[in-house]
2 protein chains.
Amino acid sequence: MDETQSKLLDAAGPIFAEPGYRAATVREICQQAGTNLAAISYHFGDKENFYVAAVQHAARGCMDRVPLPDFSGNETAEERLHLFVLTMLNRVAVDHDPAWHAQLLMREMVLPTRACAEFVRDYVRPMHDMLMSIVSELMPGESEQRRWLTAASIVGQCLHHRFGRAVMNELAGDSLVADISVDALARHITEFSLAAIGASASEADGRLTAVKKTRRRIDAASGELKFQKQRGSL
Amino acid sequence: MDETQSKLLDAAGPIFAEPGYRAATVREICQQAGTNLAAISYHFGDKENFYVAAVQHAARGCMDRVPLPDFSGNETAEERLHLFVLTMLNRVAVDHDPAWHAQLLMREMVLPTRACAEFVRDYVRPMHDMLMSIVSELMPGESEQRRWLTAASIVGQCLHHRFGRAVMNELAGDSLVADISVDALARHITEFSLAAIGASASEADGRLTAVKKTRRRIDAASGELKFQKQRGSL
DNA sequence: AAGTCTATCAAACGTTTGTTTGAAAGGAAC
DNA sequence: GTTCCTTTCAAACAAACGTTTGATAGACTT
């Protein structure tokens, strides 16, 4: 990977993520990257190809920063679900140092473009497969559609704390009710879902040693985990 | 309301909803509305004010089409939750005749603009209050934050079938696993949430007469309830 | 040392953008 | 019929956009 291309992709992320594709100008991106105006056309052909590359770049960055947990094999399904939820929240709901990785990917999810298929294949599919295997183990004998719906319920709970953030902040006002740590959030979603499935949530709550280990690893890698306020513009 | 303004707002909805604010041109909107190019500047000042008006217009349209249920008072909390979920899904997850109402509002939710505060006040807040009262009745004695988290879990499940639709279609491929009716979806989310809360889901499932009545009313008002594929462009 | 390929640069290109302008048209009031 | 106010219209405006151009400099090959 050329150095100029890296600089362009890094500079493009926040600009594509914040005001969107159309509002982002190649002039601003190039200026931010410290390159010439013609650099994008030269290296990527045109703006649209460059955007697709930026989405892939964001997906790689997001996966590198918060990798999927690799289970040793002796965790219970409940523990694995808790770890999955925690990982997912750290990927999408938490603003890490460069916050635009997740922002750009979430934009791609709601407003899919040409980059969507690849995004699903590289980023979404692995998470989906992992969750489906956990859910299948938690509710054996159920139909595939019921497991699919259950997975959708779990994912929806996680994603809501990204997509609904602006509205929830507006809704909560000065109340501290929406101010909650990622760990508490993961615990709630896990217990909520386990109770819904019918498994014993309290049973899973007792032995979460593996969760604590991974949580520490994520904390160390990502530094600040607090939520940020966001207010967009037109 | 002037007739020209109505025509402009109606024409603007799908154009603002589909490619977004920046990509929408006043020329195309005016041409679609059959008005002169200067009409938007004349009646609304500038494009940004006009966009805010379009969002308000969409919110009114969406609330008129799928009004909140007015409970007679003798429904159980479980029935009320089921009705609420069904209403919410019909508002956000289903593409009605003019599909752009919900599209524009969901865009406003994820990418908030100046129109967000008013959108929350008029559209989101009433739904939130209703859900919170139901949840409070379902889990008495719990802290406000736990009720808030529970409400977020329920709302997140509903919204996911709008925000995650493109990705879920891509994920499901040719499989029919993601092809599900709104009624079945509402039933799943309601049972899932009731089980999570700890209330008896089967108890609520037995007597859903009020639900059936309202569902018929919604069906009659909205006609086609099937999901639509959507594939965006840059 | 001459030739070749690649990357960068300032400048300019043609288009499209939101907005403004001044004239023209339509009523309502008197 | 004259005046006044609102609305519509075609035309033009300046600004910003993505992209292209031709020149320049450097690195590598022969």
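Hydrogens, waters and symmetry mates play no part in the numbers below; they use all other heavy atoms, side chains included.
- Contacts of B:S41 with the nucleic acid, taken as non-hydrogen atoms under 4.0 Å apart, include base atoms.
- Summarising the geometry, the separation between CG on B:N36 and P on C:dT19 is reported as 14 Å, rounded to the nearest angstrom.
- Picking from D:dC9, D:dT19, C:dT17 the nucleotide with the shortest atom distance to the side chain of B:R27 gives C:dT17.
- Of all the heavy atoms in B:A24 and B:F16, the pair that sits closest is CB-CD2, 3.7 Å.
- The closest side-chain heavy-atom distance from B:M63 to B:Y123 is below 4.5 Å.
- The nearest whole Å value for the distance from the CD1 atom in A:I40 to the P atom in C:dA7 is 16 Å.
- Note: CZ (B:R22) to P (D:dA16) measures 12 Å, nearest angstrom.
- Listed pair B:H43 / D:dT8 meets the phosphate criterion, a side-chain N or O lying under 4.0 Å from OP1 or OP2.
- Atom C1' of nucleotide C:dT17 and atom OH of B:Y21 are separated by 11 Å, given to the nearest angstrom.
- A salt bridge links B:R121 with B:E118: at least one charged nitrogen is closer than 4.0 Å to a carboxylate oxygen.
- The CG atom of B:L37 sits 11 Å away from the P atom of C:dT17 (whole-angstrom rounding).
- The shortest distance between the side-chain N/O atoms of B:T4 and the OP1/OP2 oxygens of D:dT8 is below 4.0 Å.
- Using a 4.5 Å heavy-atom cutoff, the side chains of B:V167 and A:F119 are in contact.
- Rounded to whole angstrom, the span from the OH atom of B:Y42 across to the P atom of C:dA23 amounts to 17 Å.
- The CD atom of A:E48 sits 16 Å away from the C1' atom of D:dC17 (whole-angstrom rounding).
- The listed nucleotides are C:dG18, D:dT7, D:dC17; the one nearest the side chain of B:T25 is C:dG18.
- Counting heavy atoms from C-beta on, the side chains of B:V155 and B:H128 never come closer than 4.5 Å.
- Note: CD1 (B:I29) to P (C:dT16) measures 17 Å, nearest angstrom.
- B:A39 comes within contact range of no nucleotide atom at all, as no heavy-atom separation falls under 4.0 Å.
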